[in-house]
Amino acid sequence: MGYVEPAPIKDKENPFESMMSRFRIAAQHLGLNEETYNVLKSPDKQVIVNIPITMDDGSIRVFEAYRVIHNNVLGPSKGGVRFDPHVNLDEVKALAAWMTWKCAVVDIPFGGAKGGICCNPRQMSSGEIERLTRAYTTSLYNVFGPDTDIPAPDMGTSQREMGWMMDQYSRNSGMTVNGVVTGKPGVLGGSAGRVEATGRGVMVSTLSALEKLKINPYNSTVAVQGFGNVGSHAAQLLTERGTKVIAISDITGAYYNKDGIDIENAINYRLDNRGTLDNFEGAEKMDNTDELLTLEVDVLVPAAMEDVITMRNAEKIKARLIVEGANGPTSAKADDIIAEKEIIVVPDILANAGGVTVSYFEWVQNRLGYKWTKERVNRRSDRIMRNAFEYVYKTAIKYNVTLRIAAYIVAIDRVAKASRFRGGF
Ligand code: GLU
């Protein structure tokens, strides 16, 4: 089977190619035929819109924004919307494909999509962000829909933006359509447990992997990169389960304490400190990338952004287990180095799938017009995460591959089967 190779990667890894290189390996193990390979590698739809917004000072600025639907054979496409100054089409394409594989790994009936607006929300007022969010929703009114494409929060967005998106879509429709977006505030139909769901899934994946490694959580140390929605909840839930989180970080730097960080305190500090850990006390400050990532710990949780574990630092990583809270934190070229060092990686498309799993529950509840308790949400999402981990683990043994390639094998196999059953024109 000779798949056509993409253009060579230059200095920085292109996220889409990074995703594709793992996809190719998994496809080869599965013996995927070339036609299916060609169908699955191409995003179904890529929309680019330019949105003029009146800023608070009266000037008009144009923002470039994207929505990429990678695939929808398993169901309506699902995926977050990212507000970040570095957003670009290649990144959104990769993230959309990752959503397809992520939904398939945990076996929920969604395809994959991702959106993004190239903007810096930290330098915009709440009014400017609201206008931009509403304009984006209106521009993509024909793409979004509870049965077609369902956005959710991602980097730079939260419940607040989801509330605006739901409201704007509903205004345009002339009725309340709460199932069009997930991660909404509870009073608008948001699910109990959604905010902490991704961090909770990271915790469940970490405990499942520690069990396989025969490491007692009570004797284990953890470093978490990123203290946003994913990292802070993962750190808190892991602490509750007995692990010692000795380092955390955010854009202001990393904070280390060999006796363990008081996570509760760090979360409150951040809330009172305009969302950052700047000058956080009770810990020693260190570099957020090289020092934090190469700490002597049992578990490393990169929960900040893409491409932080690369050829440059992979060799120096000392953790025994990496649990990817972020999407794409390990570059494809670093995979081999990490594997050679026998570090186990619970890959992003498995480790951080707790968020989209509870998004699925939110969508189900919206369609039912009914609310589940937090206990029910947690019980069901924990079960899905544990089962997905076990299945990926078994697949890794069966094919003698890493957990990452195994997760791709599981996902691609499901999507390819569905795709074959559905057929083409
Ligand atoms: N943005 C999250 C992710 O990357 C959540 C997506 C969703 O809930 O649809 O998984």
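Counting starts at 1 for both ligands and their atoms, following the listed order.
- The existence of a salt bridge linking R379 and E375 is excluded, since no basic side-chain nitrogen approaches an acidic carboxylate oxygen closer than 4.0 Å.
- Under 4.0 Å is where a charged nitrogen must lie from a carboxylate oxygen, and between E196 and K374 at least one such pair does.
- Using a 4.0 Å cut-off between heavy atoms, K114 contacts ligand 1 through its side chain alone, with no backbone atom that close.
- Neither the backbone nor the side chain of V358 comes within contact range of ligand 1; no heavy atom lies under 4.0 Å.
- By the 4.0 Å N-to-carboxylate-O rule, D149 lies too far from K45 to be salt-bridged with it.
- Only the side chain of R194 comes within 4.0 Å of ligand 1, judged by heavy-atom distances.
- The part of P153 lying near ligand 1 is the backbone, judged by heavy-atom distances below 4.0 Å.
- Using a 30° and 60° split on the angle between ring planes, F280 and Y269 fall in the perpendicular class, above 60°.
- Contact annotation: G183 has no heavy atom less than 4.0 Å from any atom of ligand 1.
- Close approach of ligand 1 to S359 (heavy-atom distance below 4.0 Å) involves ligand atoms 7 (C), 8 (O), 9 (O).
- With respect to the salt-bridge test (charged N to carboxylate O, under 4.0 angstrom), the residues E128 and R61 do not qualify.
- Using a non-hydrogen distance threshold of 4.0 Å, M155 does not register as a contact of ligand 1.
- The protein heavy-atom contact nearest to atom 7 (C) of ligand 1 is A152 CB, 3.3 Å.
- Residues Y169 and F144 place their aromatic rings such that the two centres sit no closer than 6.0 Å.
- Relative ring orientation between W363 and F110 is described as perpendicular, the plane-to-plane angle rising above 60° on a 0-90° scale split at 30° and 60°.
- Each of the atoms 3 (C), 4 (O), 6 (C), 10 (O) of ligand 1 lies under 4.0 Å from some heavy atom of M99.
- A side-chain donor-acceptor contact under 3.5 Å links D56 and S125.
- The protein atom (non-hydrogen) at minimum distance from atom 3 (C) of ligand 1 is K102 NZ, 3.3 Å.
- Taking atom 9 (O) of ligand 1 as the reference point, the nearest protein heavy-atom neighbour is K78 NZ, 2.9 Å.
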